[in-house]
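Down below is the structure, laid out as structure tokens.
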Amino acid sequence: MFRTFLFFFSLLLTSFSVLAQEAAAPIEMADRLRADGKIWVVVAVIAVAFFGIVAYLIRLDSKISKLEKDLKK
């Protein structure tokens, strides 16, 4: 569980550095998507991909933990 927390914390720190770089150079494509109202589609796709990866990692971690318990027996 600690490794999962550490993984999410490292992702959070990575996102802060990405946001800092984005503020320095405005992106025209993002402005256009925001103006058209399509930015929420992009946000939804990213959110679905992110939650899918998180669910996969949690499931994988539980399977590995189960295998480790079986090996100890």
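Keep in mind that this is a model prediction, so the values were computed, not measured.
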Per-pair distances, 0.1 Å, donor-acceptor, side chain in residues 64-73, under 3.5 Å, sequence neighbours excluded:
unit_1	atom_1	unit_2	atom_2	d
Ser65	OG	Asp61	O	2.9

Using distance only, find each side-chain donor-acceptor pair of residues 1-13 under 3.5 Å and give its atom names and separation, not counting sequence neighbours.
unit_1	atom_1	unit_2	atom_2	d
Ser10	OG	Leu6	O	3.4
Ser10	OG	Phe7	O	2.7

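- Residue pairs satisfying the salt bridge (Lys or Arg N to Asp or Glu O under 4.0 Å) criterion with at least one member in residues 36-57, sequence neighbours excluded, are listed as follows: Arg32-Asp36.
- Under the 4.5 Å side-chain heavy-atom criterion for Ile, Leu, Val, Met, Phe, Trp and Tyr, Ile58 and Phe51 are members of the same hydrophobic cluster.
- When hydrophobic clusters are built by joining Ile, Leu, Val, Met, Phe, Trp and Tyr residues whose side-chain heavy atoms come closer than 4.5 Å, directly or via intermediates, Val48 is not grouped with Phe50.
- When the side chains of ILVMFWY residues are joined at heavy-atom separations under 4.5 Å, either directly or via intervening members, Val43 and Val41 end up in two distinct hydrophobic clusters.
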